Enquirer: 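Handing you a structure now.
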Amino acid sequence: MAGSTQKRWTSGHAKSRRGAEDPWYVRWILIVVSLGFAGIFLVLPLVNVFDQALAKGWQIAVGSLGDPDTMSAMKLTALVSAICVPLNTLFGIAAAWLIAKFEFPGKALLTTLIDLPFSVSPVVSGLLYVILFGLKGYFGPWLDRHDIQIIFAVPGIVLATIFVTFPFVARELIPLMQAQGSDQEQAALTLGATGWQTFWHVTLPSIKWGLLYGVILCTARAVGEFGAVSVVSGHITGITDTLPLRIEKLDKEYNSVAAFSIAALLAVLALLTLGLKTWLEHRQQRELDLAQTSSDSSDEH
Amino acid sequence: MSIELRNISKRFGDVAAVQNVSFKVAEGELVALLGPSGGGKTTVLRMIAGLEQPTEGDILIRGQRVNDVSVQKRNIGFVFQGYALFKTMSVADNIAFGLKIKKWPQAEINDRVAELLKLFGLDGLGKRFPHQLSGGQRQRVAIARSLAPKPSVLLLDEPFGAVDAKIRQELRDWLVHLHDELSVTTVFVTHDQEEAMEVSNRIVIFSRGNLEQIGAPQEVYERPSNEFVARFIGVLNVLELRVEHGVARLHELTFPNHGVAEGASLRIGFRPYTVQISPDLSEYRYRATLKHVYFLGVQLRLELETPSGLTLRTRITKDEFVRLGLAEDKEVSFQIREYRVLSRDGFDMSPEVSAVHQLPSIAENI
């Protein structure tokens, strides 16, 4: 779709090609500024991460990942992601379905609430849980009496991560489901399908790329979250350290090779995510285009 | 299957979408629900399907009250306005969907899909996806999908809305043939009066949630029950007359007063074809200039302007136009052969609309 618009622009309308007629130095300044900025602030640190990790050779870098405490941090990060991502996926689908296909009082409020984690500092969201479940918090004494530990333990990390990654899936699905409307679902109902059959055979296949995209973003954030987790974790080596927390700790211990090795591992994950994300974005755009062409044709009259 | 609506009303919040509507559709009929947008016709269709619940009244299919029967169990086929094809499924899977849900054996599903692809001229397209089809093909897939589980009633919402004019004509003919072949009770919604007239056995006309008239196409055209129907079905010239000296008058045009008091007003309407014109200026009573000629194929639409500036619309065949030697800006004489009284003195006189008043000749007139 974008391709065809571009073609139209470059073929006809000479006057609309203003960009190409600007003086050469404007173009060059823009190119230098944007590439320079990206280079200094994005590429250079990334290269530095790998450089530092490999400073004493790749064997030592890989070997440092095998440290028991680092391994335990990896396991914890994997566990936290494995809990948060499915939960947020379920919530995301439910919320998107509700917002896209129903009218109800409080809809605008819910839509705003979903965005809340984006606008609140992660440290603050971590603190919220400390205030709620910490020893001196609202539910702390009760939890303590029943011997349930949330803060400075795995449940707290899970809660904080869920909070921070809460919007990703829902935010991806809402515009997609709104564009698709509920005609296909209604058609399935008239053909005798139950609500569940309709969801499974009609709704889910038509949102799968957008859903996957949201899940990938959600996972990336769950793996990399530092601020919120840092507040609730308690930094107990080998027990409540996630990978980002482990990096901080190793760095403070002047073990820069080990710290940067984990950083490099996370960076590789991030680059993979970026690649996947770009590809999915493309698929998802197609999904959205399809939804729009079908709704365009019904809008014609 | 026969369908019956008894005193059906539907409100969305404070908005009354449908008000106290009752009508019957006999087994095997092809009925059009016609009206301007917002008239309530789509809501009626969706209530028959079970996609909406009536606020009041009963819906009966084959004499059984189905208000409490879910959409899944009403055994209806529904074709949506934008077709609502499952875009992640192939054409064959779209058609097979309802059969899989109803747990038909796979072999029977395959046979039924093949049969429908053939019947709908979609041979060889079974593996395509909806976005690879033309508008007309999509529409046929949508109808094939809705008919696959052998519904007892076929409901179509603006079935020809989303395709261009040429294909629309083909699809209309095709729907009529399909209906002749399958004789499944069919109800479709349209805002196009020509389409309703051409395709259906009977037309149900809606306006602002009310049922205005129900009848065969010829019946509603020739005997509209009120001014709305008269104006909606075909073109109607409407004149607002005032009674002076016992004669109803608008500029140079005069009509009998139909019992209206002096100084009060009288509205009359007449179809374009009731206006007779002649190049012989002495043949008919009034004079006019042929202001515009619109070519519509076999027929021409003419716009007449009287010396006082009144504009009247009329129709004439091309042959007649040539025979009379007419041309744009030519002066002609004309008369109005018959007309209907729409209202007297601002009061709606619906019963009189269907009475046609003849104006036989110049001499006897008035």
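Owing to the predicted nature of the structure, the values given are computational and were not obtained by experimental measurement.
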Enquirer: Distance from A:Gln184 atom CD to B:Met89 atom CE, nearest 0.5 Å?
Expert: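 These two atoms lie 8.0 Å from each other.
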Enquirer: Decide if atom CZ of A:Arg171 counts as having more than 12 heavy atoms of other residues, nucleotides or ligands within a radius under 6.0 Å.
Expert: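 Incorrect, the count does not exceed 12.
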Enquirer: Within this structure, what is the CG-CZ distance for the pair A:Asp183 and B:Phe86, rounded to the nearest 0.5 Å?
Expert: 10.5 Å
Enquirer: Is the number of heavy atoms from other residues, nucleotides or ligands under 6.0 Å of A:Arg283 CZ greater than 12?
Expert: yes
Enquirer: Taking the side chain as everything from C-beta on, heavy atoms only, tell me whether B:Ser146 gets closer than 4.5 Å to A:Thr190.
Expert: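 Result no, sub-4.5 Å side-chain heavy-atom pair not found.
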Enquirer: If you compare all heavy atoms of B:Ala84 against all heavy atoms of A:Ala187, which two are closest, and at what distance to 0.1 Å?
Expert: O-CB, 3.9 Å
Enquirer: Side chain, backbone, both or neither: which part of B:Leu85 has an atom under 4.5 Å from a heavy atom of chain A?
Expert: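 For B:Leu85, the backbone is the part near chain A, not the side chain.
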Enquirer: Could you name the residues of residues 198-209 of chain A that have a heavy atom within less than 4.5 Å of a heavy atom in chain B?
Expert: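 A:His201, A:Val202, A:Pro205, A:Ser206, listed by number.
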Enquirer: B:Pro149, B:Gly98, B:Pro130, B:Gly77: which one forms the most heavy-atom pairs within less than 4.5 Å of chain A?
Expert: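 The residue among B:Pro149, B:Gly98, B:Pro130, B:Gly77 with the greatest pair count is B:Gly98.
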Enquirer: CZ of A:Phe37: more than 12 outside heavy atoms within 6.0 angstrom?
Expert: no
Enquirer: Under a 3.5 Å distance rule, please check whether B:Gln72 uses its side chain to pair with a backbone N or O of A:Ala193 as donor and acceptor.
Expert: yes
Enquirer: Below 4.5 Å, heavy-atom pairs only: which of B:Lys73, B:Lys102, B:Arg145 has the largest tally toward chain A?
Expert: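 Looking at each option in turn, the highest pair count goes to B:Arg145.
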Enquirer: Between B:Arg74 and chain A, which part of the residue has a heavy atom less than 4.5 Å away: side chain, backbone, both or neither?
Expert: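 Neither the backbone nor the side chain of B:Arg74 comes within 4.5 Å of chain A.
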Enquirer: Which one, A:Glu185, A:Gln197, A:Gln186, leads in non-hydrogen pairs under 4.5 Å with chain B?
Expert: A:Gln186
Enquirer: Just wondering, are more than 12 heavy atoms of other shown residues or ligands nearer than 6.0 Å to CZ in B:Arg208?
Expert: no
Enquirer: Within a 6.0 Å radius of atom NZ on A:Lys101, are there more than 12 heavy atoms belonging to other residues, nucleotides or ligands?
Expert: yes
Enquirer: Working to the nearest 0.5 Å, report the span between CD1 of B:Ile101 and OG1 of A:Thr194.
Expert: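 Spacing of CD1 (B:Ile101) from OG1 (A:Thr194) equals 6.5 Å.
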Enquirer: Please classify the contact of B:Ile76 with chain A as side chain, backbone, both or neither, using a heavy-atom distance under 4.5 Å.
Expert: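 Contact with chain A involves both backbone and side-chain atoms of B:Ile76.
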